Amino acid sequence: MDKVVLITGATSGIGRATVNRLAGEGYRIIACGRREDRLSELRDTWGDALHTLVFDVRNKEAVAAAINGLPEAFRPVDILVNNAGNAHGLDPIQSGSLEDWDAMMDINVKGLLYVTHAVLPMMLESGAGHIINIGSTAGKEVYPKGNVYCASKHAVDALNQAMRIDLNEAGIRVGAVNPGLVETEFSEVRFKGDTDRAAGVYQGFQPLKPEDIADLISFAISRPPHVNIADLVVMPTAQASSTIVRRKS
Ligand code: NDP
Ligand code: 8X3
């Protein structure tokens, strides 16, 4: 396998599971995140098959500098997995925090754009490429107190469609994976370190595992060149919508 995959949000959850899945399949990986210690652990596991980049996706200069400075062995990027993101807070719109709103729009939407902007010249030059955007069921429907997180993921849904349209002539594949409830550090971040509250989100039913999403990403990027998985929605069997989850008491 000589393909290079750049994965944002590689230090945790879906991103880390995707790194481990794809590295195990022989892809060369560029693992990105802010927590250097966790990136070092991945590097210890995968050695020279993995390159790490430390940046905050909100910092467009840092994003561009890191990606423009990739070593030859990790250029061009063939596959981009736009995964970095989180929810911050779960409050009604009338009492939401401006800091949380900024974080979600700056990371989930603008960060995804900055990374894509930095990677695309390599794909355009090589005349091929594949972008997987990690959206959410929150990008397909809105739920109580989800307001700005849902808006950020609806924006990802729109950008997924827009990228596919604009990059059609260039032969670049674009598709989204939109998960429902996956047990990761997502709820710990949303509830600002309240681990009890976070654990409650996944109680009484079997949530998705990050490896389930890595499995779908692996499937999407291994289709033959004429096949593009444009938009996938995946939920736990116990989940029917953002607000309907069958829990055992
Ligand atoms: P985690 O909290 O486990 O992982 C989030 C990842 O995003 C971390 O690696 C984190 O790295 C990275 N990240 C967050 N903020 C930044 C930033 N400012 N700059 C760079 N990297 C950042 O959550 P998940 O794995 O669950 O989330 C991954 C994606 O999946 C997100 O886009 C999320 O919205 C989406 N998703 C999650 C679902 C779920 O139920 N868990 C369901 C649907 C979608 P670091 O902190 O080291 O920078
Ligand atoms: C994460 C799933 O339902 O918490 O995107 O918004 S949800």
Side-chain angles (χ1 to χ4, degrees), residues 6-20 31-42 52-60 62-63 66-67 81-90 100 102-112 114-115 132-157 159-160 176-193 195 197-198 200-202 205 207-214 216-217 232-236 238-245:
L6 187 148
I7 303 169
T8 64
T11 56
S12 175
I14 293 169
R16 184 168 55 194
T18 304
V19 167
N20 288 324
C32 310
R34 290 169 300 179
R35 284 170 283 183
E36 288 189 67
D37 53 334
R38 293 194 180 192
L39 292 173
S40 296
E41 285 168 18
L42 289 171
T52 62
L53 293 180
V54 182
F55 56 76
D56 186 324
V57 296
R58 287 174 287 199
N59 182 336
K60 53 179 173 297
V63 170
I67 293 173
V81 181
N82 273 323
N83 166 74
N86 277 116
H88 294 267
L90 182 68
D100 285 346
D102 280 345
M104 290 186 277
M105 299 311 282
D106 289 349
I107 298 168
N108 303 354
V109 184
K110 290 165 69 181
L112 178 146
Y114 297 155
V115 173
I132 303 286
N133 294 309
I134 304 302
S136 170
T137 47
K140 302 291 186 182
E141 58 172 327
V142 176
Y143 56 84
K145 304 180 189 173
N147 46 65
V148 177
Y149 178 66
C150 294
S152 77
K153 288 298 181 177
H154 275 70
V156 172
D157 189 44
L159 288 169
N160 184 60
V177 177
N178 300 284
L181 292 158
V182 190
E183 188 164 11
T184 63
E185 294 174 18
F186 177 87
S187 291
E188 282 182 47
V189 174
R190 168 168 254 175
F191 299 132
K192 305 179 194 308
T195 48
R197 192 175 176 198
V201 174
Y202 310 108
F205 74 105
L208 294 170
K209 302 188 289 280
E211 289 77 14
D212 297 319
I213 310 306
L216 294 173
I217 294 168
L232 260 174
V233 177
V234 54
M235 292 185 241
Q239 183 175 18
S241 73
S242 291
T243 51
I244 300 175
V245 180

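For clarity, every value in this text was computed on a predicted model and none was experimentally measured. Remember, it's 1-based here, ligands and their atoms both numbered in the order they're listed.
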Quick one: does any side-chain atom of Lys140 pair with a main-chain N or O of Lys153 as donor and acceptor, under 3.5 Å? no
Ala10 and ligand 1 - part of the residue with a heavy-atom distance under 4.0 Å: backbone
Sub-4.0 Å atoms of ligand 1 with respect to non-hydrogen atoms of Ser12: 1 (P), 3 (O), 4 (O), 8 (C), 9 (O)
Please indicate whether any nitrogen or oxygen in Ile14 is less than 3.5 Å from any nitrogen or oxygen in ligand 1. yes
The answer for which part of Leu181 has a heavy atom under 4.0 Å from ligand 1 is backbone
Which residue owns the protein heavy atom closest to atom 18 (N) of ligand 1, what's the atom, and how far is it? Asp56 OD1, 2.9 Å
Is a donor on one side and an acceptor on the other found under 3.5 Å between the side chain of Asp106 and the backbone of Arg58? no
Determine yes or no for a side-chain-to-main-chain donor-acceptor pair under 3.5 angstrom, with Asn178 supplying the side chain and Thr137 the backbone. no
I need the atoms of ligand 1 closer than 4.0 Å to a non-hydrogen atom of Gly13, numbered in the order shown. 3 (O), 25 (O)
Counting from 1, what ligand 1 atoms have a heavy atom of Gly135 closer than 4.0 Å? 43 (C), 44 (C)
Quick one: which of Ile213, Val81, Val19, Val177 gives a side chain to side chain contact (heavy atoms under 4.5 Å, CB included) with Ile14? Ile213
What residue and heavy atom of the protein are closest to atom 47 (O) of ligand 1, and at what distance? Thr11 OG1, 2.7 Å
Between Lys153 and ligand 1, find which residue part has any heavy-atom pair under 4.0 Å and reply side chain, backbone, both or neither. side chain
Say whether Ser136, considering both its backbone and side-chain N or O atoms, lies within less than 3.5 Å of an N or O atom on ligand 1. no
Between ligand 2 and the protein, give all atom pairs where both partners are nitrogen or oxygen and the distance is under 3.5 Å, as lines of names plus distance to 0.1 Å.
unit_1: ligand 2; atom_1: 5 (O); unit_2: Ser136; atom_2: OG; d: 2.6
unit_1: ligand 2; atom_1: 5 (O); unit_2: Tyr149; atom_2: OH; d: 2.6
unit_1: ligand 2; atom_1: 6 (O); unit_2: Tyr143; atom_2: OH; d: 2.7

Those residues at least two apart in sequence (or on a different chain) that pass side-chain hydrogen bond (donor to acceptor under 3.5 Å, both in side chains) with Asp212 are none
Do Gly9 and ligand 1 have an N or O pair less than 3.5 Å apart? yes
Is it the side chain (CB and beyond), the backbone, both or neither of Tyr149 that lies under 4.0 Å from ligand 1, heavy atoms counted? side chain
Considering only protein heavy atoms, which is closest to atom 14 (C) of ligand 1, and at what distance to one decimal place? Asn86 OD1, 3.3 Å
Quick check against the 3.5 Å criterion: does Arg16 have a side-chain atom that pairs as donor or acceptor with the backbone of Ala10? no
For the backbone of Leu39 and the side chain of Thr11, can you confirm whether one donor and one acceptor N or O come within less than 3.5 Å of each other? no
Tell me if a side-chain donor or acceptor on Asn108 pairs with a main-chain N or O of Asn86 at a distance below 3.5 Å. yes
For the pair Glu183 (side chain) and Tyr202 (backbone), establish whether a donor and an acceptor sit closer than 3.5 Å, ignoring hydrogens and angles. no
Please report which non-hydrogen protein atom sits nearest to atom 38 (C) of ligand 1, along with the residue it belongs to and the distance in Å to one decimal place. Gly180 O, 3.9 Å
Verify whether the ring centers belonging to Tyr149 and Phe186 lie closer than 6.0 Å. yes
Can you pull out the closest protein heavy atom to atom 28 (C) of ligand 1? Residue, atom name and distance to 0.1 Å, please. Asn83 OD1, 3.1 Å
Is Glu183 touching ligand 1 with its side chain, its backbone, both, or neither, if touching means heavy atoms under 4.0 Å apart? neither
Heavy atom of Thr8, distance to ligand 1 below 4.0 Å: no
Here's a test for you: under salt bridge (Lys or Arg N to Asp or Glu O under 4.0 Å), which of Arg190, Lys145, Lys192 qualifies with Asp100? Lys192
How far is atom 23 (O) of ligand 1 from its nearest protein heavy atom, and which residue and atom is that? Thr184 OG1, 3.5 Å
Among non-hydrogen protein atoms, atom 40 (O) of ligand 1 lies closest to Val182 N, 2.9 Å
List every atom of ligand 1 that sits less than 4.0 Å from any heavy atom of Gly85, numbering the atoms from 1 in the order shown and giving each element. 5 (C), 7 (O), 27 (O), 31 (C), 32 (O)
Output the list of atoms in ligand 1 that are nearer than 4.0 Å to some heavy atom of Arg35, sorted by atom number. 8 (C), 10 (C), 11 (O), 45 (P), 46 (O), 47 (O)
Looking only at protein heavy atoms, which one is nearest to atom 46 (O) of ligand 1, and how far off is it? Arg34 NH2, 3.0 Å
Under 3.5 Å donor-acceptor, Glu141 side chain and Ser242 backbone: yes
